[in-house]
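Presented below is the structure to which this report refers.
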Amino acid sequence: MTERQFVLADLTLAAQCWGQGEPVLALHGWMDNSGSFEALAQHWQHGELIALDLPGHGHSEHRQGPYYFVDYLLELYQVVEQLGCAVHLVGHSMGGMLCSAFAGLFPDKVKTLQLIDGLLPISNPPEHAAQTLRAAILSRLKHGRRPGRVYPSLREMAQVRSHNGDFSPQQAMALVRRASILREDGYHWRTDPRLKTTSPLRLTPLQVQSLVAGITCPIAVYLGSEGLYTKDEARRQRELTLLGGIEPTWLEGGHHCHLQQPEALAMHLTKMLTLT
């Protein structure tokens, strides 16, 4: 593994890289980091896997202002520009939502799109605007007053992260190592606590439809058998239809099925990469 930095207009982003060849840019989910792809990297066989720490996550710098979904797309564009060529995109959860939006906006910059238990950007009907904004304001006040917790060990942090996820403390350790920093009084989270605030703005369903209508590259979808889309069949069918009616590949596990089934997922990802 090698570390890499991308110096953007307003902040610097960090990444972990494995392998060599054409770039495969991997985006993690909300409150995760590039360690999310560490287990997958152990089985990587095609191209250079570039796992990015999104702003406020992992070793990347924090934003000066709020965390809006659309700003991630600006930062992603700058990263792709620095890579100097079209890329393969792999995204988990929020990372998948970013990947699908980016592929629709800039189809000439994306060779393939592979989504892991996260498909399209979250949307709200326009009539929910006041409710969404009110919740966001109260959320910022709440999290702005909350002090950060200090931990005596990485093991305890992994136990907490595991409890808040759908994976074991052992599987959480890669995320925790990347998300923690040791100070005199113990271990602290690096992750920007402002990420926990509710977004004041959501795209409408029609706006999401407009975004993804521009996707032209091959798409593959991988869903956890106990993940986000298992119980919400209406959402699953709606989003798969907007992606062209693609049939998903099901992996045993939850929302973080890429942590639970890294070898099987690596095989599927490689198959798509080698077909294009």
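FYI, the numbering just counts along the sequence from 1. On a predicted model such as this, the values are computed, not experimentally measured, just so you know.
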Would you say the side chain of [Y] lies within less than 4.5 Å of the side chain of [X], judging by non-hydrogen atoms?
X	Y	answer
Leu243	Leu120	yes
Leu113	Ser100	yes
Tyr67	His62	yes
Leu13	Pro55	yes
Leu265	Cys257	no
Val87	Ile50	no
Gln64	Asp10	no
Trp250	Thr230	yes

How far apart are the closest heavy atoms of [X] and [Y], and which atoms are they?
X	Y	value
Ser93	Gly29	CB-CA, 3.9 Å
Gly56	Leu195	O-CD1, 3.4 Å
Arg235	Asp232	N-OD1, 3.1 Å
Leu259	Leu175	CD1-CD1, 4.2 Å
Leu273	Glu22	O-OE2, 4.5 Å
Gly19	Glu48	O-CG, 3.6 Å

If we count only N and O atoms by modelled type, under 3.5 Å, do the side chains of [X] and [Y] hold a donor and an acceptor together?
X	Y	result
His88	Gln114	no
Gln16	Ser34	yes
Glu239	Tyr229	yes

[X] side-chain N/O to [Y] backbone N/O, donor-acceptor pair under 3.5 Å:
X	Y	answer
Thr241	Gln237	yes
Thr132	His128	yes
Gln171	Ser168	yes
Glu75	Leu54	no
Asp117	Leu228	yes

Inset, instruction - Mind jotting down which residue pairs meet the ring pair (Phe, Tyr, Trp, His ring centres under 6.0 Å) criterion with at least one end in residues 38-59? Sequence neighbours excluded, please. - result: His28-His57
Legend entry - Listed once per pair and sorted, the ring pair (Phe, Tyr, Trp, His ring centres under 6.0 Å) pairs that draw on residues 187-217, sequence neighbours left out: Tyr151-Trp189
Inset, instruction - Output, in order, the C-alpha distance, side-chain angles, deciding distance and verdict of side-chain contact (heavy atoms from CB on, under 4.5 Å) for Asn33 and Arg190. - result: CA-CA 10 Å; Asn33 53 63; Arg190 289 178 178 266; over 6 Å; no
Treat each ILVMFWY residue as a node, draw an edge where side-chain heavy atoms are under 4.5 Å apart, and state whether [X] and [Y] are in one component.
X	Y	value
Val79	Phe37	no
Trp30	Leu11	yes
Val24	Val221	no
Val160	Met31	no
Phe6	Trp18	no

Inset, instruction - Calculate, to the nearest 0.5 Å, the distance between atoms OG and CG belonging to Ser153 and Leu182 respectively. - result: 11.0 Å
Is it true that, when you exclude [X] itself, more than 12 heavy atoms of the residues, nucleotides or ligands shown sit nearer than 6.0 Å to its [atom1]?
X	atom1	value
Glu233	CD	no
Arg155	CZ	no
Glu252	CD	no

Legend entry - Note: Glu38-Arg178 ion pair, threshold 4.0 Å (strictly below):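 No, no charged N to carboxylate O under 4.0 Å.
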Inset, instruction - Report the relative orientation of the aromatic rings in Phe106 and Phe102; use parallel for angles under 30°, tilted for 30 to 60°, perpendicular for over 60°. - result: tilted
Inset, instruction - Find out whether the Lys NZ or Arg CZ of Arg63 is both under 6.0 angstrom from the six-membered ring centre of Tyr72 and within 45° of the ring's axis. - result: yes
Legend entry - Test ring pair (Phe, Tyr, Trp, His ring centres under 6.0 Å) applied to Phe167 and His258, His255, His256, the passing residue: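 When His258, His255, His256 are each tested with Phe167, the ring pair (Phe, Tyr, Trp, His ring centres under 6.0 Å) holds only for His256.
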Inset, instruction - Sort out for me which residue in Ile116, Leu27, Leu40 forms a side-chain contact (heavy atoms from CB on, under 4.5 Å) with His92. - result: Ile116
